[in-house]
Structure formats: structure tokens, C-alpha cells
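Heads up: the structure comes next, in C-alpha cells.
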Amino acid sequence: MALIVQKFGGTSVATIERMRRIAQRVCRTKKEGNDIVVVLSAMAGETDRLISLAKEASDMPDAREYDVLVSTGEQVSVALLSMILKDMGVEARSFISHQMGLFTDSSHTRARIMKVETGKIKGALSNGAVVVAAGFQGISSDMDITTLGRGGSDTTAVALATALGADLCEIYTDVEGVYTTDPNICPDARKLKKISYDEMLEMASLGSKVLQTRSVELAKKYSIPVMVRSTFSENNGTLVTKEGKDMESVMVSGVTYDRNEAKISLTRVPDRPGIASRLFGPLAEANINVDMIIQNISHEGYTDMTFTISKEDFKKALDMVEESARDIGAEDVLADTDIAKISVVGTGMRSHSGVASKMFDALAKEGINVIMISTSEIKISCIIDSKYTELAVRVLHEAFELNKENGGTVKEP
Ligand code: ADP
Ligand code: ASP
Ligand code: MG
């Protein structure tokens, strides 16, 4: 007998009919003698709908009230699935934030999990019930409702799996696993049997929304095996696990894209000590994550600076930067939200050269201009015009031959 956490995403719970199919799967796993904690997302499109309501109500919605609103989607899902399970003769109980004891810090809209008090869930499991937990939401020490950021139900699932010592955490979604790139925009994408925590972490943080980045961080920290698979088929999925000898050691294992960034530039910034800290300090204090930063070489005592942030933070960041720009005497502030970040990822890159030039060549051949570049040991990212996103993904996937079992290599020059 095992304890299994099964998380179902938005498309998997999009209709009552689909919920009935999930209920059958849950029922089957239960009958095999397992304890089950189900974690649900809101029905497809519901979180987006709630967010647009918030934006209609207020230009800059109050973060506490925003969380009260957007967390309701998951409450609907858990109640409905529990009703369906009960009608099928399966004892089931829905749990929302305070009931599952999922405590977070108080950074609304992007809260981090601090601890999980599992007493109530364990009680329900030992009474033989299926626990149906609302993903994405938690509670702060002030008992305010918080949310974990877009895609946060994945993190709820891994956090519950960790706290309960589950044997497996299954993430059921609308694709059959983790692919070399998004299979919805690249028909050649290849499903991976296994992927290491580190590679998955990099892919997730660079935009592969199949798993929320924090869920992978948690799974890695506590060595929880995560199986990503489809709600709509019985095929094997992808196991996210420790790096093993049997894993492919290729230079490039995946291509990712992220359309959720925006770019802000400051022109003619006086080039003197303290300027960067004057600019980025307030953003950090406001919990705004800056991703890429470029500072041009100084010319006659002035320089240009460009950086990217997530679109969610764009309005707030732009207001703050405009104020800082006035203070430090920069000439102008320019903004662009029509950008995308395209990355190639692979732990094998550490020891090989040639990946960057192959990437730039492939983009250049299609006339795609590279606006910004950033690299780390295991990834290269380029900012491009967002209208080329799909084309860039397909071209890079092909250039690195990722459709092939032994693809992802670069011939030594
Ligand atoms: P859910 O609602 O089940 O949480 P998401 O939409 O958050 O589902 O994540 C699944 C989606 O992630 C897929 O439909 C796919 O378009 C996208 N995706 C992006 N990159 C990848 C990848 N490398 N492998 C699989 N799916 C990916
Ligand atoms: N419903 C939330 C979202 O759409 C959380 C999730 O689905 O994981 O982001
Ligand atoms: Mg998701």
C-alpha cells in the first residue's frame, strides 16, 4: 500500500464530464489499495477569468483581495470532485487552505510555503477517505488567504507529497509528459522518459510551464519522484528524478520560450558608482524579480541600461523606474512588452563549446534579431521579438536535432 499524490490541472477538470473521468482514475488507484491525496486546479480558464475581473475592478488590485478572489476557482473544483466521488461510493473530503494547514509567508500572489500541518489530512486518510485538496492556495500566519503564483497547484502537490512522505507525486496534465520542447507548438517535440531535477528546474524557470519552478525545487530538495503524465491516456509519462547514469548526457536537452517578460531601458544614465543600486534596490524591496540586465559600455560619462522583468510586475516596475530615472538624471525610459525569451537548456553544455554560435546561426538564418543574450553553465537565452516565438522554437529544435533519440549534440568544429 502506498500514499500517492495525484494532481490534475485546469484542462483535466474543465468540465463535469472530465471530472467524472478523473474520479474513475482516483477510484481505481484507491481500489488498488493506495491512500490518495488529490490536488486540483481551477477549471480551465477560470483563473484567467477571475484575474480579468480583478483588473476590471481596479487598476492595481489590492494584493490581499486579489488572492481572496483568484483562489476561489480551486474551491469550486474540489467541492465538485468530492461530490462526484461520494456519488460513486468513495469516501472523499475537500480541503481548502486552512483546512490542509498549508502555511505560507504573506507575500500575496507569490507566497512561499513555510510549513504544512498535516494533522487533519492524515486524520481523513486514516479514516479511509480520499483527500481532495485545493491547489494554488495557502494561508499566512495572520490567517489571510494567499496564492502561490501561476501554476502553483504543482507546488501544492509536491509540498503535500513531501509533508506526508508520499511514495509518488503524479502530475496529470494535457500532454503526455515532459518533451524536448512544447509539443503544442513544435510537432517534432520528443517525449522524455526521464529528466533530472536540475534540467527540469532550468526548463521550468525558463518558461516550460508544464511544471511550476518551485514544485521542482521542492521535489529536488526532498527527493520526491514526480511523474508527469496525461489525464487523457494511459501512456507512460516522464519521471522527474535524480540525475542517473542511464540518462542521456547530451549538450542540449530542450528548447523553452517565455512570453511573460517585458523589457525596460534607460538611456543616457550617468555612469557613476551607486546608480545600479539606486535603480534596482527599490525593485528588490518591492519583491520584483529582475531577470536579464545589460549595461552598455560608457560613452562620455553616460551609459544605457536594459533589463527584463515579468509582465505581472511591469506596470509597478515602470512607475518605480520612471521615478528613479528622474532622480538619477537618466534621459529617457523606454518599455517593450512584445518580447519573448528563447532558451536552449542542457547540463552537457558545461563542458562543450559551440552551442551559442549554433543558436545564433539558426536564428540569423531565419532573420530573427537577437535583442539581448544571457548565459549560464547550462543554458543560453536570447530575447527576441515575440512574433517570432514559434518559429524560433521550431528552428532551434531542428538545429539541435532534438527530435532524434541521440540529438542535442554539436559537432566539434
Ligand atoms: P495544467 O493546467 O495541467 O497545469 P499547464 O498548461 O500548466 O497544464 O502545463 C501543460 C502545458 O505545458 C502543455 O499543454 C504544453 O503546452 C506546455 N509545455 C511547455 N513546455 C513543455 C514541455 N517541454 N513539455 C511538455 N509541455 C510543455
Ligand atoms: N489555477 C491556477 C493557475 O491557473 C493554479 C494552477 O492551475 O496551477 O495558475
Ligand atoms: Mg500548470
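Read the numbers this way: they start at 1 and go in the same order the structure lists the ligands and their atoms. Numbering starts at 1 and runs along the sequence shown.
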Please check: side-chain N/O of [X] versus main-chain N/O of [Y], any donor-acceptor pairing under 3.5 Å?
{"X": "Lys7", "Y": "Thr156", "result": "no"}
{"X": "Ser376", "Y": "Ile378", "result": "yes"}
{"X": "Gln137", "Y": "Ser97", "result": "yes"}
{"X": "Asp105", "Y": "Arg112", "result": "yes"}

Query raised in the report: Which is it for Ala189 and ligand 1 at heavy atoms under 4.0 Å: side chain, backbone, both or neither?
Result: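 Under 4.0 Å from ligand 1, Ala189 contributes no heavy atoms.
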
Query - Asp182 contact mode with ligand 1 (heavy-atom cut-off under 4.0 Å) - result: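 For Asp182, backbone and side-chain atoms both sit under 4.0 Å from ligand 1.
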
Query raised in the report: Looking at residues at least two apart in the chain, or sitting in another chain, which of them share a ring-ring contact (aromatic ring centres under 6.0 Å, His included) with Tyr388?
Result: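 ring-ring contact (aromatic ring centres under 6.0 Å, His included) check on Tyr388 returns nothing, list empty.
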
Among protein heavy atoms, which sits nearest to [atom], and what does the distance come to when rounded to 0.1 Å?
{"atom": "atom 20 (N) of ligand 1", "value": "Ser208 OG, 3.5 Å"}
{"atom": "atom 2 (O) of ligand 1", "value": "Gly10 N, 3.1 Å"}
{"atom": "atom 11 (C) of ligand 1", "value": "Asp174 OD1, 4.0 Å"}
{"atom": "atom 7 (O) of ligand 1", "value": "Lys209 O, 3.4 Å"}

Query raised in the report: Can you tell if the side chain of Asp188 reaches within under 4.5 Å of the side chain of Glu398, non-hydrogen atoms only?
Result: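 Asp188 does not reach Glu398 side chain to side chain.
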
**Report entry** Student check: side-chain heavy atoms of Leu125 and Val131 closer than 4.5 Å
**Finding:**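 Yes. Closest side-chain heavy atoms under 4.5 Å.
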
Any N/O pair [X]/ligand 1 closer than 3.5 Å:
{"X": "Thr173", "answer": "yes"}
{"X": "Thr180", "answer": "no"}
{"X": "Val178", "answer": "no"}
{"X": "Tyr179", "answer": "yes"}

Report task. Check if Pro183 has a non-hydrogen atom at a distance under 4.0 Å from any atom of ligand 1. Result ->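 Right, Pro183 reaches ligand 1.
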
Query - From the candidates Val210, Val228, Asn184, Leu192, the one that places a heavy atom nearest atom 27 (C) of ligand 1 - result: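 Checking each option, the heavy atom nearest atom 27 (C) of ligand 1 is found in Val210.
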
Query - Distance, nearest 0.5 Å, that separates CD1 of Ile22 from CG of Leu80 - result: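 CG of Leu80 is found 11.0 Å from CD1 of Ile22.
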
Requested in this report: Quick one: pull up OH in Tyr257 and CG in Leu396 and give me the separation to the nearest 0.5 Å.
Outcome: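 Going from OH on Tyr257 over to CG on Leu396, the span is 13.5 Å.
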
Report task. Could you name the protein residues that come within less than 4.0 Å of ligand 2, counting only heavy atoms, and order them by chain and residue number? Result ->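 Ligand 2 is contacted, at a heavy-atom distance under 4.0 Å, by Ser41, Ala42, Thr47, Glu74, Phe136, Arg150, Gly151, Gly152, Ser153.
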
Requested in this report: Would you list the pairs meeting ring pair (Phe, Tyr, Trp, His ring centres under 6.0 Å) in which at least one residue belongs to residues 121-173, sequence neighbours left out?
Outcome: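 Ring pair (Phe, Tyr, Trp, His ring centres under 6.0 Å) check on residues 121-173 returns Phe8-Tyr172.
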
Show which atoms of ligand 1 fall inside a sub-4.0 Å distance from at least one heavy-atom site of [X].
{"X": "Met203", "value": "23 (N)"}
{"X": "Lys7", "value": "4 (O)"}
{"X": "Thr181", "value": "22 (C), 23 (N)"}
{"X": "Gly177", "value": "24 (N), 25 (C)"}

Query - Check against side chain to side chain contact (heavy atoms under 4.5 Å, CB included), Val175 and Asn184 - result: CA-CA 9 Å; Val175 288; Asn184 285 325; 4.2 Å; yes

Requested in this report: Please name the residue in the list Lys30, Lys31, Arg25, Gln24 that meets the side chain to side chain contact (heavy atoms under 4.5 Å, CB included) test with Arg28.
Outcome: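 For Arg28, the side chain to side chain contact (heavy atoms under 4.5 Å, CB included) test succeeds with only one of Lys30, Lys31, Arg25, Gln24, which is Arg25.
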
Query raised in the report: Residues in side chain to side chain contact (heavy atoms under 4.5 Å, CB included) with Ala364, at least two apart?
Result: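 Counting only residues at least two positions away or on another chain, Ala364 forms no side chain to side chain contact (heavy atoms under 4.5 Å, CB included).
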
Query raised in the report: Can you tell me if NZ on Lys86 sees more than 12 non-hydrogen neighbours from other groups inside 6.0 Å?
Result: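 For Lys86, atom NZ is crowded (more than 12 foreign heavy atoms under 6.0 Å).
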
